[in-house]
Amino acid sequence: MTTPEKPTIQRIATALYRRPRLRLALLLGVPLLWMVGVYGGSIASLLVQSFFKLDSFSGTVDRSLTLDTWRDLFTGANMSVAARTIGMAASVTIASVVIAFPLAYYMARYASRRTKAVLVMAVLVPLWSSYLVRVYSWKLILSADGIVSWFFGRLGLSGLLDAILGLPGIGGPSLSVSFLGQFLVFVYIWLPYMVLPIQAALERVPRSFLEASADLGARPATTFRKVAWPLAIPGVAAGSIFTFSLTLGDYIIPTVIGDSSPFIGLAIYSYQGVAGNLPLAAAFAFVPIAVMGLYLVGAKRLGAFEAL
Amino acid sequence: MRTKGWGLKAAALGAILYLHVPIVFVFLYAFTTEEASFRFPPPGLTTRWFAVAWANADIRAALGLSLRVAFVSMIVALILGTLTAGAVWRTKFFGRETLSLFIILPIALPGIITGIALRSAINLVDLPFSFWTIVIGHATFCVAVAYNNVIARLRRTSPSLIEASMDLGARGWQTFRHVLLPQMSSALVTGGMLAFALSFDEIIVTTFTAGNQQTLPIWIFSSLVRPRNRPVTNVVALVVVVLTFVPIALAQRFSRRAEEAT
C-alpha cells in the first residue's frame, strides 16, 4: 500500500463490504425515517386531520373522529371552486402545448448543438429559479399604468385593449386583475415544464420517419399530423402532468394576479389561515390529490411515464 | 419549405421571449424613481433604493434567514439523497420502488399539499414553529434533486471501475475515497447548488412551516399582498433573481463539464 489509511476505518469498511444487509440498513435508515416516516407520516396526518372538525363556537379543533368536515367539503361553493380550478388547469395545459411545441420541435430538429445547449439552459433557468419574482414581474407588466397599456397606447390601440378588458368573463378593470392576465401568468410560469418532455420525445423520433413521410408525398402539415404529433404524445402527456398538477395547487398566482375569485390552492390556504379550519383545509387537499390520481392513470396510458 | 422554417423559428423565438422578457422589467423597475405606481416608462432612474433596502433591518434578517435555511437544507438533502442513491444503486430490496416514489412525491405534488401535510403533522405533535420546521419542509423537497443527480451519476459509473480498484489491491475505504467519491463529486456539487436555489426561492411550503419567521420570499409575498415600499420590493426581487441564478449557472457548468469528461 502506498497510502497508509487509518486501520479502524479500514476495518469498518471491510466489515461493511462483507455484510451487504448491514450496509443497506445503515444507508437506508435515515432516509427511510425522513421520507417515509416524516413525509409519509405528514400525508397520513392530513388524512387523520380531515376527520376532525372545527368547533364553530370555540374556534378550536375538536379531535374526535367525524365525517362532518367531509360533508362540509361537498358543498356547491367548494365544488364550483374545484371546477373552476380544473378548468383553468386544463386551459393552461392546452395553451402550454401550443406554445411549447414549436420551441421543442425547433430544439429537437433544427438547432445546432451549441444553440440547443443555450436553449435548454434558457428553458431550465426559469424552471429552477425565482418563481415568486417571475409572478411579480407580471404585476409590473399588466398593471393599468404598466408596459402593456403603454404599448397599446403607443400603437393607438387603447380602444382595442379596453374592448378586450370589457369582455365578460375574462376582462376586468385592468389586465392585472383580469382572468386573462391570470391565465397568461399561469402559462408563463409552467411553460418550461412542457417544453423539455416534448423536446425529449421528439429527439427520439428518427429523422428518417419524417423524411419517409415527405418522400411518400405528405405535405409538412400532414407529416406533422400523422407522424411527429402522434410520436410526441408521450412527451406532451408527461409535460401536462406538471402543468396540470402545478396549476391545480397554486395559490400565489391567484393571490397576486387576477380578480381574486378562489382556486383550490387559495381555498386550502385561507381555510387553514384566516379561518383556522385546518380539518377542512386538509380535506380540501385531497381534491387535487384525487384529480391528479385520475390524471396520472390517463397519462400512464398515453405513455407519459416512459417519457419523463 | 423556406417559409415553414421561418414560421417555426418565429414561434420558437416568441416562446423564448415570453419566458425571459418579463424578468427584464424586474431589473428595470429596481431603478425607477417612481414610488407609488408601476408607471411605464419610468420617469427617471436611480440607485438609491438599493441603499434603502440594505438599511432595512427586516430585509437583512429575512435574507440571512433564507441563506441559512437554504444552506442547512442543502446539506441535509445531500446527505439523505446520497445515502438513498447509494442504497438504490445496484441493490434490490423490498419497497425500493415505493422509496423512489416517496423521494419524487414532494416535487411532483403541488407544493401546497406538502405544505399543508407538514403543517397538519406539526399541529398534531404540537411542535413549535422554528428555523428547523422550515428546514424540515425544504429538505424534504430538495432530497429529490440531490438524489436524482447522484443516482444518475452512479448509474453511469461502470462497476468495472470498482472491481479494477479492488483487483489492484485497494481496500473498500480506499476505493470509496479514491474512485467512487471523485466520480460523484460533480453530481454532489450540481445537486447541492440546485437544492440551494430551490430552497432559497421557495414560498409555498415555507408559508405553512414558518410560523412568524420571514424568509426573503415570504417578505416579498407579504409586501405584494399589502402593497408597501414598492421600490424596495423591486430591489429585493432583483436580489432574489440574481442570488438564485448564480447557483443554477454553476450547477449547469459542472454537469456539462462532467458530461464532457465521461
Side-chain angles (χ1 to χ4, degrees), chain A residues 5 9-10 13-14 17 24 27-28 30-31 34-36 38-43 45-46 49 99-100 102-103 105-106 121-122 125-126 128-134 136-138 140-141 143 145-147 150 188 191 220 245-246 248-249 251-252 255-256 265 268 272 278 281-282 285 288-289, chain B residues 4 8-9 11-12 15-16 18-20 22-23 25-26 29 37-41 80 83-84 86-87 91 93 99 102-103 106 108 110-113 116-121 123-124 136 140 143 171-174 176 194 197-198 201 203-204 217 220-221 224-225 237 240-241 244-245 248 252:
Chain A
E5 301 278 345
I9 287 182
Q10 251 177 45
T14 314
Y17 188 76
L24 192 64
L27 284 171
L28 272 182
V30 183
W34 189 295
M35 294 315 291
V36 180
V38 175
Y39 182 67
S42 295
I43 301 271
S45 86
L46 201 58
Q49 192 78 248
I99 300 174
L103 177 58
Y105 196 81
Y106 181 79
M121 182 82 182
V125 168
W128 283 116
S129 70
S130 322
Y131 157 78
L132 182 62
V133 176
R134 292 172 67 233
Y136 174 58
S137 69
W138 283 85
L140 307 173
I141 295 169
S143 69
D145 45 6
I147 168 87
W150 174 84
Y188 163 75
L191 184 61
S245 156
L246 293 169
L248 218 49
Y251 72 89
I252 301 290
T255 312
V256 177
I268 296 174
Q272 77 84 29
L278 195 49
I289 293 179
Chain B
K4 187 204 153 221
L8 184 68
K9 240 182 204 172
I16 289 289
Y18 183 32
L19 282 178
H20 289 275
I23 286 293
F25 291 100
V26 172
Y29 275 78
S37 79
F38 297 125
R39 189 150 67 111
F40 186 89
L80 294 178
L83 287 174
T84 316
T91 324
F93 53 89
L99 181 67
F102 265 101
I103 299 272
I112 196 159
I113 308 288
I116 192 91
L118 288 168
R119 174 80 172 208
S120 148
N123 175 280
L124 279 184
I136 289 174
T140 301
V143 171
R171 303 195 175 240
W173 168 251
Q174 290 172 318
F176 175 76
L194 290 177
L198 217 54
D201 118 288
I203 168 95
I204 296 189
I220 298 180
F221 186 59
L224 292 186
V225 176
V240 171
V241 172
T244 47
F245 179 78
I248 291 166
Q252 281 296 315

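Numbered from 1 within each chain, the chains take letters A, B, ... in sequence-line order. A quick note: this is a predicted structure, and the numbers were derived from the prediction, not measured.
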If you compare all heavy atoms of B/Phe221 against all heavy atoms of A/Thr255, which two are closest, and at what distance to 0.1 Å? CZ-CG2, 3.8 Å
Non-hydrogen atoms of chain B under 4.5 Å away: do they reach the side chain of A/Ser143, the backbone, both or neither? side chain
Checking A/Trp128 against B/Asp201 for the side-chain contact (heavy atoms from CB on, under 4.5 Å) test, could you report, in this order, the C-alpha distance in whole Å, the side-chain angles of both residues, the deciding distance, and whether it holds? CA-CA 9 Å; A/Trp128 283 116; B/Asp201 118 288; over 6 Å; no
Specify the closest pair of heavy atoms between A/Ile268 and A/Ala285, including all atoms of both residues, with the distance to one decimal. CD1-CA, 3.7 Å
Ranking B/Ile112, B/Thr244, B/Ile23 by heavy-atom pairs under 4.5 Å to chain A gives rank one to B/Ile112
Could you pull out all residues at least two apart from A/Tyr131 that satisfy ring-ring contact (aromatic ring centres under 6.0 Å, His included)? A/Trp190
Among B/Ile113, B/Leu99, B/Val240, the residue with the most heavy-atom pairs under 4.5 Å to chain A is B/Ile113
Would you mind telling me which of A/Ile147, A/Ile99, A/Ile43, A/Leu248 has the largest number of heavy-atom pairs within less than 4.5 Å of chain B? A/Ile147
Closest approach of B/Ala11 to A/Pro102 (non-hydrogen atoms, all atoms of both residues): CB-CB, 3.5 Å
Under 4.5 Å from any heavy atom of chain A - which part of B/Ile116: both
Measuring from B/Gln252:CD to B/Phe245:CZ, what's the distance to the nearest 0.5 Å? 9.5 Å
So which of B/Leu124, B/Ile16, B/Ile103 has the largest heavy-atom pair count under 4.5 angstrom toward chain A? B/Leu124
Under a 4.5 Å cutoff for heavy-atom pairs, which residue among B/Pro110, B/Ser120, B/Ala121 has the most contacts with chain A? B/Ser120
Under a 4.5 Å heavy-atom cut-off, does chain B meet the side chain of A/Leu278, its backbone, both or neither? side chain
Do you know which of B/Leu194, B/Val143, B/Thr84 has the most heavy-atom pairs under 4.5 Å to chain A? B/Leu194
By ring-ring contact (aromatic ring centres under 6.0 Å, His included), A/Tyr106 pairs with (sequence neighbours left out) none
Could you check which of A/Ser130, A/Gly265, A/Ser137 has the highest count of heavy-atom pairs closer than 4.5 Å to chain B? A/Ser130
Examine whether an atom of A/Val256 lies under 4.5 Å from a heavy atom of chain B, and if so say whether it belongs to the side chain, the backbone or both; otherwise answer neither. side chain
Answer with side chain, backbone, both or neither: which region of A/Met35 has an atom nearer than 4.5 Å to a non-hydrogen atom of chain B? both
How close do A/Met121 and A/Pro126 get, counting heavy atoms only, and between which atoms? O-CD, 4.4 Å
Taking every non-hydrogen pair under 4.5 Å, which of B/Ala237, B/Ala197, B/Pro22, B/Ala87 racks up the most with chain A? B/Pro22
Relative to chain B, which of A/Gly249, A/Ser42, A/Gly146, A/Gly40 shows the most heavy atom pairs under 4.5 Å? A/Ser42
Please look at B/Phe102 and chain A and tell me whether the side chain, the backbone, both or neither of the residue comes under 4.5 angstrom of a heavy atom of that chain. both
Contact winner vs chain B - A/Leu24, A/Leu140, A/Leu103, A/Val38, heavy-atom pairs under 4.5 Å: A/Leu140
Is B/Val241 close to chain A through its backbone or its side chain, or both, or neither, when contacts mean heavy atoms under 4.5 Å? both
Plane angle bin for B/Tyr18 and A/Trp138 - parallel if under 30°, tilted between 30 and 60°, otherwise perpendicular: perpendicular
Between B/Thr140 and B/Pro106, which heavy-atom pair has the shortest distance, and what is it? O-CG, 3.7 Å
What part of B/Val26 gets closer than 4.5 Å to chain A, counting heavy atoms only: side chain, backbone, both or neither? both
